[in-house]
Each structure stands twice: as structure tokens, then as C-alpha cells.
2 protein chains.
Amino acid sequence: MLTIGKLGDAAGVKVPTIRYYEQIGLLPEPERSAGNQRLYGKSALERLAFIRHSRELGFPLEAIRDLLSLSDRPDQSCAAADIIAKDQLAAVEARIARLTALKAELERMITQCAQGTIADCRIIEVLGDHSHCAQDRRTSEAVG
Amino acid sequence: MLTIGKLGDAAGVKVPTIRYYEQIGLLPEPERSAGNQRLYGKSALERLAFIRHSRELGFPLEAIRDLLSLSDRPDQSCAAADIIAKDQLAAVEARIARLTALKAELERMITQCAQGTIADCRIIEVLGDHSHCAQDRRTSEAVG
DNA sequence: CTTGAACCTCTAGCTGCTAGAGACTTCAGG
DNA sequence: CCTGAAGTCTCTAGCAGCTAGAGGTTCAAG
């Protein structure tokens with residue numbers, strides 16, 4: 001049996017985070033010691049490792065909740081997990097594309113920085129003027 | 001003179017967001033009409049466009065606050081703006097690298113999905129086992 | 001003059017934690 | 001057996017960066 005601190009060390013998750021996961025129902029309420037301290041077994045460690053790894057892959061907690069409920073019923077179809085993973089892949093690819101565009105613009109800004117005074121600083125100027133944008137990706141709503 | 005709604009439309013920023021920026025001191029308090037409604041001039045629009053564009057480039061509000069205070073003193077050196085932009089570039093590059101690794105792992109997970117039942121679903125299995133990781137990038141703290 | 005959209009302030013909520021207060025439990029060393 | 005430190009408990013509040021809602025006022029068009 002592991003105390004919450006040992007569990008956290010073993011899974012690479014901080015103690016308050018474990019309590020938070022319990023609070024939002026991602027982890028079941030564990031046994032308690034005579035002195036009311038949480039005691040965890042192997043299955044809790046596995047579940048927490050699953051959550052941690054999923055978080056590292058960028059899955060939001062709600063997706064992890066779904067994945068966990070899937071893995072709690074192991075005789076069902078794998079298709080739902082596949083869908084979640086594919087959604088996540090699409091989201092990751094979109095983020096990469098967006099960041100790559102931002103990187104290009106930042107690089108352009110920096111190379112144009114004359115190292116002079118603010119008055120002729122391209123960084124400030126570029127940030128103030130939207131029309132310099134390489135690609136004008138706008139967020140669809142509320143734009144005239 | 002623009003009302004807050006017109007300003008928001010012109011800059012591509014939602015009305016509550018403008019009030020939020022004012023609240024946290026990114027935008028100065030504007031004039032008011034006789035009926036206590038906010039009225040903005042051209043400089044407010046420019047400042048808001050600057051903020052919006054910077055946000056799109058991923059600058060955190062605190063960095064934007066610094067950039068704005070720089071641009072308020074145009075006879076100073078451009079070096080500080082350069083540093084902020086380079087920091088942001090480094091952060092963007094780090095995010096891209098991380099996401100690219102995640103993408104590879106998600107793709108691997110998905111191709112391994114047997115489309116069978118959860119019991120032999122690689123997605124669930126891979127997520128539960130950290131040792132499958134292509135690169136074991138851990139967040140430095142609290143890891144045994 | 002009336003309607004209805006836009007505005008006002010204020011508070012609370014979102015995600016995914018993190019930090020702190022103030023009290024209790026556990027364990028190792030003496 | 002006792003002490004003291006480290007770990008744990010619950011609870012509340014805070015972070016970014018907004019967003020949504022309640023309940024009320026103002027403005028512009030018809």
C-alpha cells in the first residue's frame with residue numbers, strides 16, 4: 001500500500017494533483033489508514049500512470065475520462081478509443097501548423113529588428129499593424 | 001469616436017475582452033458619454049490591434065504589457081523588444097518540437113489499433129504504459 | 001414615444017492545476 | 001516512550017485569459 005506521496009513519486013504526479021483527480025472523479029476514492037490518510041494499491045498506480053501519460057500526449061481530462069471508461073469495459077469495441085486518438089491527432093496537427101506560421105512571422109520580425117531605438121523598431125511596428133501578416137488567419141467570429 | 005462594440009468589431013476583439021483588458025490595465029480608461037458609455041479614439045484602436053496581433057502570435061499578456069510600455073517610450077533601445085520576441089520564438093519552437101513528438105506517438109498508437117475490442121486495443125495499452133514512449137520527455141520535477 | 005439593440009456593473013465560471021493556512025498523523029532517532 | 005520533522009488532512013483561493021449571465025440603463029431608429 002502506497003501513501004499519496006509515494007504514489008505521486010511513482011507516477012510522476014504531484015500530490016495535490018492526485019487529490020484533484022479524485023475530486024473530479026478521475027480516480028476512485030481510495031482506502032484510508034486508521035489516521036484517515038489515503039492508501040493506494042497497484043491498480044491506482046496504473047490508472048494514475050495512464051492519466052499522466054495521456055496528459056503528456058495532450059489529451060484533455062474529458063477525453064481521458066472517456067478513455068478510462070472505455071478501458072473499464074474491456075469487451076467493447078476499440079473504435080471509440082480510435083476516434084478519440086484521431087481527434088487528438090488532428091488537434092495536434094492543427095496546433096503544429098499554426099505554430100509554424102507564428103514561428104515564421106516571429107523570425108521575420110526579429111531579423112528586421114534594426115537594433116536601433118523603439119522609434120524604428122520593426123517588432124513594435126509589425127505587432128501594431130495587422131496587414132503585415134503573412135497569413136491572416138482570423139478566428140471567424142466578431143471580425144468586421 | 002467609437003463605442004465599445006464598434007471598437008471590438010474594428011479590432012476583432014470581443015466586447016467583454018476589451019473591458020477585461022481595461023480592468024487589468026492593458027488599455028487606459030477611456031472617455032465616457034453623458035450616459036456613462038465608453039468612447040474610444042484612434043489611439044485606442046491602434047493599441048487594441050497591437051494587443052490582438054500580439055496575442056495571435058502567442059505572446060502572453062505580461063509580455064504584451066512590456067512591449068506596450070516600450071512603445072510608449074520610443075527613444076529607447078529596441079533591444080528589450082528583441083529579447084521579448086526571441087523568448088517568444090524559443091517558446092514557440094519548443095512547443096512545436098513537443099507537439100511533433102506527440103504527433104508521432106499518436107500516429108503510432110492509431111496504426112497499431114487492431115479495430116478489435118478494448119481488450120487488445122493498443123491505444124489503451126500504450127497510454128497505460130509509459131515505457132512504450134518514443135522519447136521519455138519528463139517534466140524534470142517530482143519524478144522518482 | 002416606443003422598441004430593441006447595445007451598453008453598464010457585478011459576479012461566477014471555465015481548464016488544470018498550484019499554493020497556502022492550520023490542524024493532524026506517522027515514523028525515525030534517541 | 002518521546003520528540004520533532006516530514007508527510008498528510010481539509011478547505012479556500014489563486015493563476016491565465018477570457019466567457020457567460022443577471023439585472024439594469026442608454027441610445028438610435030422608426
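Here is the naming used below: chain letters follow the sequence lines, and residue numbers restart at 1 for every chain.
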request  = Mind checking side-chain hydrogen bond (donor to acceptor under 3.5 Å, both in side chains) for Arg55(B) and listing every partner two or more places apart, or none if nothing turns up?
outcome  =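 Arg55(B): no side-chain hydrogen bond (donor to acceptor under 3.5 Å, both in side chains) contacts found.
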
Considering only distance and modelled atom types, tabulate donor-acceptor pairs under 3.5 Å from the side chains of residues 34-43 of chain A, sequence neighbours left out.
{"from": "Arg38(A)", "atom 1": "NE", "to": "Glu22(A)", "atom 2": "OE1", "distance (Å)": "2.8"}
{"from": "Lys42(A)", "atom 1": "NZ", "to": "Glu46(A)", "atom 2": "OE2", "distance (Å)": "3.4"}

message = The criterion is salt bridge (Lys or Arg N to Asp or Glu O under 4.0 Å); which residues satisfy it with Arg19(B), sequence neighbours excluded?
response =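 If we apply the salt bridge (Lys or Arg N to Asp or Glu O under 4.0 Å) test to Arg19(B), skipping adjacent residues, there are no hits.
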
key: Sequence-distant partners of Glu31(B), salt bridge (Lys or Arg N to Asp or Glu O under 4.0 Å), two or more places apart   =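 For Glu31(B), no residue satisfies salt bridge (Lys or Arg N to Asp or Glu O under 4.0 Å) once neighbours in sequence are set aside.
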
Quick one: side-chain contact (heavy atoms from CB on, under 4.5 Å) partners of [X], sequence neighbours excluded?
{"X": "Pro28(A)", "value": "Arg47(A)"}
{"X": "Glu93(B)", "value": "Lys103(A), Glu107(A), Leu89(B)"}
{"X": "Pro16(B)", "value": "Lys14(B)"}

key: Backbone N/O of Val13(B) and side chain of Thr17(B): donor-acceptor pair under 3.5 Å   =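 Side chain of Thr17(B) to backbone of Val13(B), a donor-acceptor pair under 3.5 Å: no, none is there.
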
query = In the 5'-to-3' direction, what one-character label does each nucleotide of nucleotides 3-21 of chain D receive under the scheme B = base within less than 4.0 Å of a protein heavy atom, S = sugar-phosphate only, - = no such atom?
reply = ----BSSB------BBS--

task = Kindly calculate the angle separating the two end axes of the helix from dC1(C)-dG30(D) to dG30(C)-dC1(D), each obtained from five base pairs, and round it to 10 degrees.
result =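 Roughly 0°, once rounded to the nearest ten degrees.
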
task = Using whole Å, report how far CD1 of Ile64(A) lies from P of dT15(C).
result =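 Going from Ile64(A) (CD1) to dT15(C) (P), I get 13 Å.
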
